[in-house]
Amino acid sequence: MARLSEVGERDGWRCWICDEPVDPDQSVNDDRGPSVDERMSDKRAKAKGKKKGDGGLTERLAHRGCNTGKGKVEAVIPWADHLFVVDPSPIIPSVDRLVKKGGREVMARCPTQADAQQAADWLVDRVSRLEPGLGVTADIDAGGGQFLVSLRA
Ligand SMILES: [Zn+2]
């Protein structure tokens, strides 16, 4: 349990997948209880041939029910329901590319500038918890009667 509290403290007792608080006192057998998700941080670790216990794994705090570590399904970070976005990009692969190469990733199109601003603010906040230390900023570009939201690292 020492590892769970360590990871929990570091992640601020917030689930890295659904972004909701995790109660440290909840039973670990409960779906809303805390668990450690041993997600291979991304392909860069695999490419380096790192294995379990080799420093290639990123341990993140997740609800037991959100934790995909025991299944074969890749974790998906959902876009917030209140955002008005068209063609949203999958968040994890985009963020992984930013971590690996930096540069710029187009994340979504929005019908209005206000929608784009809201999506941009949400993304920067969300990614700051997903990949602390990446330091992303968002760009909004008007074009073709729409507003493109992109992340830059
Ligand atoms: Zn969760």
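Order of listing sets the numbers, starting from 1, for every ligand and every atom in it. Quick caveat: nothing in here was measured; it's all calculated off a predicted structure. When reading the values below, keep in mind they use all heavy atoms of this one structure, side chains included, and skip hydrogens, waters and symmetry mates.
- The side-chain hydrogen bond (donor to acceptor under 3.5 Å, both in side chains) search around Q118 returns none, not counting sequence neighbours.
- Pairs engaging residues 79-88 under the side-chain hydrogen bond (donor to acceptor under 3.5 Å, both in side chains) rule: D87-R109 [sequence neighbours left out].
- For D139, the salt bridge (Lys or Arg N to Asp or Glu O under 4.0 Å) criterion is met by R104, R152, not counting sequence neighbours.
- Using a cut-off of 4.0 Å between Lys/Arg side-chain N and Asp/Glu carboxylate O, D23 and R32 are scored as not salt-bridged.
- Here the Zn ion (ligand 1) has protein N, O or S atoms under 2.8 Å from it, and they come to 4.
- Salt bridge absent: R10 and E59 never bring a charged side-chain N and a carboxylate O closer than 4.0 Å.
- Residues L4 and V28 meet the side-chain proximity criterion, which asks for heavy atoms closer than 4.5 Å.
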